[in-house]
Every structure is written in C-alpha cells, then in structure tokens.
Engineer: 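Sharing a structure below in structure tokens format, with a few things to ask.
So that the names make sense, note that chain A is the first sequence line, chain B the second, and so on, each numbered from 1.
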Amino acid sequence: MSQSCTGRELLIYTIARLLNGVQHVAVGQSSPMPAAGAMLLRAMNQDAGKEDVQLSILGSVKHNSFTSGAGELFDCAAQGRLDAFFLGGGQIDGQGNVNLVGTGDYPNSPVRWPGSFGSAYLYFLVPRVILFREEHSVRSLVERVDFVSAPGASDETVYRKGGPHALLTNAALFSFDRDARRFRLESIHPGFDWRDIRTTTGFSYDNEKCETTTPLPDSKVLSTIRGRIREELHECYPQFAARMPGPD
Amino acid sequence: MSQSCTGRELLIYTIARLLNGVQHVAVGQSSPMPAAGAMLLRAMNQDAGKEDVQLSILGSVKHNSFTSGAGELFDCAAQGRLDAFFLGGGQIDGQGNVNLVGTGDYPNSPVRWPGSFGSAYLYFLVPRVILFREEHSVRSLVERVDFVSAPGASDETVYRKGGPHALLTNAALFSFDRDARRFRLESIHPGFDWRDIRTTTGFSYDNEKCETTTPLPDSKVLSTIRGRIREELHECYPQFAARMPGPD
Amino acid sequence: MTKFVTPQAMAEMIPSGCKLGLAPDDYGASPGLVRMLIDRGIRDLHVVCAPIGGMQVDMLIGAGAVSTLETSAVSLGEAGGAPCFNRAVREGAIRLLDGTCPAVFAGLTAAEKGVPFMPIRGIIGSDLLKRRDDWKVASNPFDEAEKIVVVSAIQPDISLIHAPEADRFGNVRLGRRREVMLLAHASKKTFVTVERISEVSLLEDEKLAAGILPAMYVSAVAQLENGGWPTGLYAEYPRDGGEVEKYAKAARSAEGFRAYVGGLGGAA
Amino acid sequence: MTKFVTPQAMAEMIPSGCKLGLAPDDYGASPGLVRMLIDRGIRDLHVVCAPIGGMQVDMLIGAGAVSTLETSAVSLGEAGGAPCFNRAVREGAIRLLDGTCPAVFAGLTAAEKGVPFMPIRGIIGSDLLKRRDDWKVASNPFDEAEKIVVVSAIQPDISLIHAPEADRFGNVRLGRRREVMLLAHASKKTFVTVERISEVSLLEDEKLAAGILPAMYVSAVAQLENGGWPTGLYAEYPRDGGEVEKYAKAARSAEGFRAYVGGLGGAA
C-alpha cells in the first residue's frame with residue numbers, strides 16, 4: 001500500500017476531524033467527500049469504542065434512516081436532532097454568506113448554478129455547518145457574494161442556532177468567528193504557504209501569516225479510508241470510489 | 001324475514017338518503033348508525049350502477065383507506081376531498097351550535113361529555129355535516145348550548161365551506177337554512193306527530209305543523225340492511241350488528 | 001442511541017412533573033407501562049393526548065398523577081364516558097386545556113417542523129378559543145380580511161407509546177398510524193414498549209420503511225408483551241371490551257377505582 | 001374514481017397553461033411521460049419542482065414548454081448543470097421563482113392542510129426573499145420580537161409522478177419517499193405512471209400501507225414500463241448515468257437539444 005496521502009484523502013480526514021463530537025451528521029446529494037469524511041468519523045469512533053455516529057447520506061439507501069421523505073431532514077434539523085451539515089456554493093464571502101444561485105445580476109445570471117437547495121434554511125438551524133469548496137480562488141472566495149442564498153449571520157430578531165463552523169478548500173482550513181463575522185486561517189495544506197492563501201483568497205481574514213500545516217492522517221486512518229470507506233462509498237459514488245487508491 | 005322496519009333501520013335508511021350524491025363520506029368512531037347509513041348508500045349506488053362512494057370509517061381496517069394517520073381525515077376535509085361527516089353532541093341548539101363538552105359553567109361542568117373531538121374544525125370544512133342525535137328532548141335540543149364546541153354559522157371573515165345540513169333524531173328530520181341560521185322540520189318519523197316534536201324540541205324552528213312522514217325503506221333496501229350492511233358492520237361494531245334483525 | 005431497558009426501568013425514567021405525550025387507546029396507548037407509572041407514584045404530569053385520551057389517561061387521572069390535561073376528548077369508547085376524568089373535571093382537580101383533534105395535530109406539527117406556531121382553519125366562534133392562551137386569532141398575512149387561528153407548538157418532554165415491534169437498533173414499526181410518528185417527531189424523547197424485538201433491521205425491508213420510526217427519535221425500548229391490554233393494538237389485537245367495561249364500572253367511585261388498580265397487581 | 005388510461009391519453013389530459021407539480025429525478029420523476037408532453041407540444045406551464053428539478057424539467061424548458069419555474073434548484077446531478085435551464089435563465093426566457101427546499105415543502109404542506117400559509121425558520125437575510133411576493137416576513141404572534149417567514153400555499157393543478165406500482169383500485173405504492181405523497185396531497189389532481197399494475201389491493205398488506213398513496217388522490221394511472229428512464233426509480237432501478245451524460249452534452253446547444261429530443265422517437 002502506498003502510504004503517501006492524496007489531496008482528497010487529506011480533505012476526507014480533515015472533514016472527519018471537523019466533525020469530531022457530533023452525534024448526527026447529514027450529507028447532501030452529490031457530495032462524495034463530505035460523505036467519505038462522515039463515514040470516516042463513524043469508523044474512527046467505532047475503532048476507538050466511542051459512541052456511534054448517525055449518518056444520513058441523502059441518496060443512499062444503506063446510510064440513511066429517514067422514513068418520512070425528503071422533508072424529514074429539514075424537520076430533523078429544526079428539532080435540533082442534526083449536529084452537522086455541509087454547504088458548498090459557487091461563491092463564499094468573508095462574512096460567511098454563500099451563493100448557490102449565480103453570478104452578476106439576478107435573475108438573468110450570466111453564470112447560473114443549480115440553486116439554493118436547502119441552504120437558506122439549514123444554515124440557520126444546523127449548529128456545525130462546514131463550508132466545503134475545493135476550488136480556492138479569488139473567483140470562489142469573494143469579498144461579497146453576488147447573490148445571498150444564505151447569510152452567514154443574523155441579528156437577534158431571527159431564530160438562529162446554526163451557521164458556519166469552518167471553511168475547507170483544497171488549500172487551507174479556516175474557522176469562523178460568529179461574533180466577529182470573520183474567518184480565521186487555521187491551517188494550510190502541504191504544498192501551500194500563507195502567501196499562496198492570501199493571493200488566492202478574495203476576502204480578508206484573521207491570522208493571515210499562519211504557519212500551521214493541516215495534519216495528515218496516520219497510516220491506520222489511511223488504511224481505513226482505502227478499505228472500509230472506499231467500500232461504503234461505492235453504493236452512492238461508484239465512479240468516485242473507483243478513482244480512490246485501494247487497499248494495496 | 002320480518003318486513004316491519006325498526007326505528008334504527010329507518011334512521012339508517014334516512015342517513016343514506018341524506019348522503020345521496022356524495023362521493024366521499026367519513027364516519028367518526030363509535031358511530032354505528034352513521035356507518036351503517038354510509039354503507040347502505042354505497043350498496044344502493046352499486047345496485048343502481050351509480051358511481052362508487054368512498055367510505056372512510058374511522059377505526060375500520062377494511063373500510064378506511066387513509067394511510068397517513070388520524071390527521072389525514074382533517075387534511076382531506078380541508079382539501080375539499082370530503083363531502084359529508086356526522087356530528088353528535090350532548091346539546092344542539094336552534095342556531096346549529098353543538099356542545100360536546102358539558103353542561104353548566106365551564107370548566108367544572110356538572111355533566112361532562114368526552115370533549116369536542118374534531119368538531120370545531122370539520123364543521124367548518126365539510127360541506128354536508130349531518131347532526132345525528134337519537135335522543136329528541138328539550139335536554140338535548142336546546143335554545144342555546146351551554147358551551148359552543150363548534151358554531152353553526154360564521155361571518156364572512158372566516159373561511160367556511162361547511163356546516164349543518166340536517167338534524168336527525170329518533171323522532172324527526174330537520175334541514176338547516178344557513179342564511180337564516182334556523183332549522184326547518186322536514187319530516188316526522190312514524191309514531192310521532194308535530195305536537196310531539198314541538199313539545200320535545202327546546203328551540204324554535206320553521207314548518208312546525210309539518211305533516212310529512214319520514215319515508216320508510218322498501219323491502220329491497222331492508223334486505224340489504226339486514227344482509228350486507230349487517231355483515232359489513234360486524235368488523236367495527238360486533239355488538240351493534242348482533243342486535244340488528246338478520247336476513248330471515 | 002436507543003437504550004434497551006426493562007419496563008420497570010422505563011417507568012423510572014419518566015419523571016414526575018414532565019410533559020408526557022400519549023397516543024390514543026388501541027393505536028399506540030401503553031396502559032401496561034402506565035400502570036407501572038401509577039404503581040411508582042408518579043405525580044404532577046402535564047399529559048398531552050394525541051389527540052384523545054382513553055383508559056390509560058383516565059387511570060392516570062384517577063391515580064392523582066395529572067395536574068394538567070391537554071386533550072380533544074377523553075372517552076372509554078363503547079364503554080362510555082371516562083369516570084375519573086369526569087369526576088376530576090367536576091371537582092376542579094385538574095387544569096384542563098380542552099382542544100380539538102386537528103389543533104393538537106397542528107401543535108405537534110409545529111413542534112415537528114420546529115416553528116413556534118401553525119395556522120389552522122375552523123375554531124373561530126368555538127368557546128374552546130376563550131380558554132386557550134396558546135391559541136390566537138390572527139390575520140392571514142396574504143389577505144388581511146381573513147381571520148385565522150394560530151396555535152402554539154406542542155412539544156412533549158417525553159412521549160410514551162406502545163408498538164408491535166422494534167429492532168435491535170432502535171427502529172420501531174408503527175405502520176400506517178402516522179399520528180404516532182408525528183407525536184414522536186414532535187417530542188424531545190420517545191419511550192416505546194413493544195410486543196417483540198426483531199434481530200433484523202426493520203429498515204432493510206423497503207416494504208416496511210414508510211411505517212418505521214427511525215431509532216434517532218427513540219430514546220428507549222422495553223419489551224412488554226400485551227402492553228396495549230386491555231385496550232387494543234392496531235392490526236395486532238382488538239381491545240378486551242369486557243375488561244374495559246369492568247374498569248368503567250369500578251371507576252365510577254374513587255374507592256372502586258383504587259380497588260381496581262390495586263387488584264390488578266399494583267403496589268398496594 | 002381513478003381512471004386507467006394509456007400514457008398517450010394521459011399526456012393529452014395535461015393541458016397547456018396548468019400549474020404542474022413534478023417530483024425529483026430518481027424519486028418519482030416521469031421523464032417518459034414528459035417526453036410525450038413535449039411531443040404533443042405542451043406550452044405555458046407553471047412547473048413546481050418538489051423540491052428540485054432535473055433532466056425532465058430541463059427537457060421541458062428546452063422544449064419551450066415552461067413559462068414559470070418554481071424550484072429550489074435544477075441540476076443533472078453527476079452530469080453537472082442543467083443546460084437548457086441555464087440558457088433560459090441567461091436569456092430571460094422563463095419567469096423564475098427561486099426557492100429553498102424546505103420552503104417548497106412548507107408551501108405544499110400548507111396546501112395539504114388547506115391553510116393559506118405556513119411559517120418557516122431561516123431564510124431571513126437571503127436574497128431569495130426579495131423576489132418572492134408569495135413569501136413575507138411576519139412576527140411570531142406569540143412573541144412579537146421574533147421575525148419569521150411565512151410562505152403561501154403551493155397547490156399544483158396537476159402533479160405527475162412515476163411510481164413502481166399501482167393496484168386496480170387506483171392505490172399507488174410510493175414507499176418511504178413521502179415527499180411524493182405530500183405533493184399528491186397538495187395537488188388538485190395527481191396523474192401517475194407506473195412500472196406495473198397489481199390485481200390485488202395494495203392496502204390489504206399492512207406492511208405496505210404507510211407507503212401507499214390512496215386512490216382518492218389519484219385521478220389517473222397509466223402503465224409505462226421504465227418510465228423513470230434515463231433517471232432512476234428509488235429502490236427499483238438506478239439512473240442510466242451514460243444516457244444522462246449524453247443528454248447533458250447534446251443539450252449544451254439548442255440545436256443539440258432538438259436533435260436529442262427528436263432522435264429519441266419524438267414528433268419531429
């Protein structure tokens with residue numbers, strides 16, 4: 001087995017770390033890496049004899065226990081039974097606002113993305129929302145989104161239990177300070193330095209000169225990813241799983 | 001087979017007549033006679049080659065197609081998919097108000113009945129609500145109910161598609177005029193005359209000196225009641241069915 | 001994660017003073033466990049009937065365990081009125097939140113959806129409205145000329161239900177009685193007594209799935225065979241009408257009630 | 001009563017100009033019947049995606065059949081963005097009611113419950129709100145300091161869904177995908193294409209009951225085997241990813257779209 005960790009494996013491991021302590025995590029459709037990260041957390045917890053993690057992977061028959069249809073995810077979140085969720089977004093800005101709709105003037109966006117899905121709701125209700133966007137560029141991480149699908153923060157007249165917890169890209173990991181409404185650079189993935197992050201990030205953030213490197217998975221975790229997680233992913237993401245390094 | 005019709009058979013037949021033309025009728029729990037009347041309408045329609053009547057008999061497995069729990073009846077009514085329902089009531093007054101709660105001052109009613117069930121809702125939404133109360137007395141049919149579980153009429157600020165259609169007792173049949181908010185005596189069952197009705201009814205109504213006799217079922221209908229309907233009732237109302245006259 | 005406990009242990013896990021959601025007789029009622037609550041002397045319950053109460057609720061009232069009762073009706077069905085309930089109403093022994101079935105469902109739906117209120121048709125002009133601080137008449141925001149009732153969310157601390165089957169993972173089969181599912185979704189915790197426990201996951205069978213309450217809502221499961229007796233369990237067994245009649249007669253007096261409850265193998 | 005018709009007859013029963021509710025790809029979408037709607041030249045639809053659209057919606061847009069689109073998203077999933085949708089947005093060819101999934105469910109739930117509106121958490125601060133006359137920010141009637149969004153009821157004239165099975169009485173098996181049940185409850189009429197028709201009532205099997213859409217909601221049923229293709233049908237068959245990819249490539253241009261639709265045995 002090759003023990004050099006791929007970029008995707010680092011992201012999967014980082015997602016698992018960001019989920020540490022959650023009891024129930026849901027993963028939206030077309031999200032193989034968040035699904036893998038959640039599966040890895042469950043596997044790591046089981047190996048460590050910790051409490052089981054409930055996964056709700058939309059689109060999965062095996063890793064999804066909802067029985068009341070697609071609306072149950074949203075009800076579950078509002079009931080406080082969902083601890084973590086993932087959001088992407090064509091644009092993410094420095095206040096944690098996300099745009100899943102399109103660029104330029106609405107409605108006739110020159111570049112149109114699919115739409116807001118459940119973001120305008122789940123962002124308010126799920127305590128730990130992980131913003132996951134592989135592309136780290138001034139195009140995706142902007143000063144101000146062109147359209148707010150879901151705002152990063154709200155005032156006290158609005159019921160809000162949830163919001164951004166972290167922003168993970170293929171280059172770095174940020175945390176989010178809800179009071180300051182700002183991101184903080186927490187660690188940089190191997191192969192990048194703080195100057196790379198500064199020039200490819202369109203918004204301002206704290207701890208610009210971060211020297212911390214994002215931790216790599218150890219060989220045991222890597223074996224779990226390449227074995228059990230790759231297996232589990234196969235049901236919903238056969239193509240993605242096939243492209244992952246295998247167990248030897 | 002004895003062809004003399006019992007009082008209950010007359011009521012069952014009258015209920016079926018009052019339901020004529022409905023597509024979907026629901027019957028609450030502990031309501032054997034309304035259930036029998038609805039079953040009779042279905043049977044008569046089938047015999048006549050008319051369109052099938054949908055029955056939703058709460059508490060029945062066979063004659064109930066709801067699959068979303070007890071709330072579906074109410075949703076169904078609000079959607080306009082339910083044409084007729086039955087309400088009883090410890091007291092019914094001349095404006096069509098019903099009281100299913102109790103006598104005297106609320107809440108410490110000296111005589112307490114079970115409670116309002118779905119009346120405060122279904123009375124507004126089901127076009128043809130049949131008030132069914134076997135006891136015909138100044139105690140049950142009052143000038144003004146002690147407690148309004150559900151009002152007989154509403155003003156134009158309230159969404160109201162339904163309300164009282166008729167009042168059937170063991171002595172007479174009244175219709176209800178929604179504009180005048182008054183009952184009208186339509187027919188009197190055999191064995192009673194208009195003076196009996198006047199002295200046993202606690203509210204004023206139109207057509208006091210009614211000379212019409214409530215029509216009796218013919219022998220074919222009577223056979224259906226004693227055969228098929230008695231059979232169908234057995235699932236939910238075994239004791240009631242056992243006390244009905246049988247097919248010979 | 002769902003705990004698997006004895007019925008006795010489950011009875012200990014339901015504290016006095018909580019808001020307790022209960023399913024109707026014959027469709028999720030758990031009179032077997034309710035008897036154990038009475039035996040252990042539970043007090044000061046706020047009982048939410050979803051949407052009506054029957055024998056198990058009447059027994060709780062008779063035992064003096066209920067301080068507030070939120071319900072659309074209490075009845076023993078074919079066996080007539082609920083004697084302890086009627087007595088308690090007459091004597092003013094309980095605080096009464098009289099409602100109507102769809103308003104209970106609307107309140108539970110609000111809790112299920114995590115919203116503070118739900119609008120509901122009807123009700124305006126009913127005297128029920130005068131007595132409910134948790135109901136209001138509002139205007140339709142899209143048509144100010146129309147009045148409509150809004151009801152507050154109803155979120156029980158604990159719901160107690162009886163079901164045919166649970167699996168080893170905590171999933172519970174309810175079938176088409178989805179009002180029981182709603183009650184569980186709306187409640188902070190749900191405790192379930194069951195006739196039997198399946199070693200195979202109930203979620204494996206796609207046929208069953210739509211009628212399964214997932215384990216994430218289920219705090220604890222206890223096996224209690226015939227736990228719905230003397231009321232029935234939908235699609236499993238009918239009510240024992242004779243026994244309910246016997247109860248109805250006994251409970252006409254406070255002494256008769258105590259003798260009935262004591263005589264059934266209670267703490268007395 | 002439910003009518004049993006041919007797929008072609010069903011396509012004729014869906015008029016231009018109606019408000020048409022559609023289920024998501026892989027969970028109730030009926031692209032087979034949608035192709036017939038396109039072939040017969042349907043126009044001016046107000047499409048309600050419950051809650052998102054995929055290939056069948058993209059095809060309707062490409063065919064010029066949609067005037068208003070109400071949706072939380074349109075996507076071909078693994079095959080990427082929806083090309084006809086994206087083009088129509090850019091060109092301003094459709095009126096767009098952009099939403100968010102739970103708001104679509106809330107609007108359908110309002111129609112299911114026959115109330116004019118439903119409250120919903122979240123949304124405040126989203127630009128979505130600026131564009132929706134049918135959404136408002138209101139105060140919680142029980143706590144005036146709290147703002148909350150209310151959304152209007154969404155009641156499609158007709159919903160079109162594909163399901164594994166119907167019986168001869170018009171009952172339809174949906175299983176655990178209860179958002180499709182919600183769509184049917186909310187709609188005035190529901191038309192269903194199915195893989196197969198059972199001679200035995202699906203309501204007879206208590207195991208299945210919770211996942212059955214009763215006949216009273218079902219206006220018409222047509223048997224259309226593989227009617228979900230090239231998308232999938234939950235718990236029956238997966239999507240044909242290659243075919244969807246092929247569509248995604250072809251539909252990048254208006255000409256390519258027309259060639260794809262024409263080439264599949266259409267009216268052209």
Engineer: Residue by residue, which of residues 26-47 of chain A have a heavy atom closer than 4.5 Å to a heavy atom belonging to chain C?
Structural biologist: none

Engineer: Compare all side-chain heavy atoms of A:S68 with those of C:R178 and state whether any distance is below 4.5 angstrom.
Structural biologist: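 Yes. Closest side-chain heavy atoms under 4.5 Å.
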
Engineer: Counting only non-hydrogen atoms closer than 4.5 Å, does C:A215 touch chain A with its backbone (N, CA, C, O), its side chain (CB onward), both, or neither?
Structural biologist: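 Neither part.
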
Engineer: Identify which part of C:T109 has an atom lying under 4.5 Å from any heavy atom of chain A, answering side chain, backbone, both or neither.
Structural biologist: neither

Engineer: Taking C-beta and beyond as the side chain, do C:H185 and A:E72 meet within less than 4.5 Å on heavy atoms?
Structural biologist: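 Yes, at least one pair of side-chain atoms sits under 4.5 Å.
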
Engineer: For a quick test of reading the model, state the closest non-hydrogen atom pair linking A:Q79 to C:Y217 and the distance between them.
Structural biologist: OE1-CE2, 3.4 Å

Engineer: Could I get the full list of side-chain contact (heavy atoms from CB on, under 4.5 Å) partners for C:R132, not counting sequence neighbours?
Structural biologist: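 Testing C:R132 for side-chain contact (heavy atoms from CB on, under 4.5 Å), a comparison that skips the adjacent residues, returns C:E70, C:L97, C:D134, C:W135.
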
Engineer: Keeping the roles fixed (side chain from A:T67, backbone from C:A210), state whether a donor-acceptor pair exists under 3.5 Å.
Structural biologist: no

Engineer: Which bit of C:I212 is near chain A, if near means a heavy-atom gap under 4.5 Å: side chain, backbone, both or neither?
Structural biologist: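 Both backbone and side chain of C:I212 come within 4.5 Å of chain A.
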
Engineer: At their closest point, which heavy atom of C:G114 faces which heavy atom of A:A78, and how far apart are they?
Structural biologist: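 Heavy-atom minimum between the residues: CA-CB, 3.7 Å.
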
Engineer: Please say whether more than 12 non-hydrogen atoms of neighbouring residues, nucleotides or ligands are located less than 6.0 Å from CZ in C:R95.
Structural biologist: no

Engineer: Specify which of A:R81, A:E51, A:Q54 makes the most heavy-atom pairs with chain C at under 4.5 Å.
Structural biologist: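 Heavy-atom pair counts peak at A:R81.
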
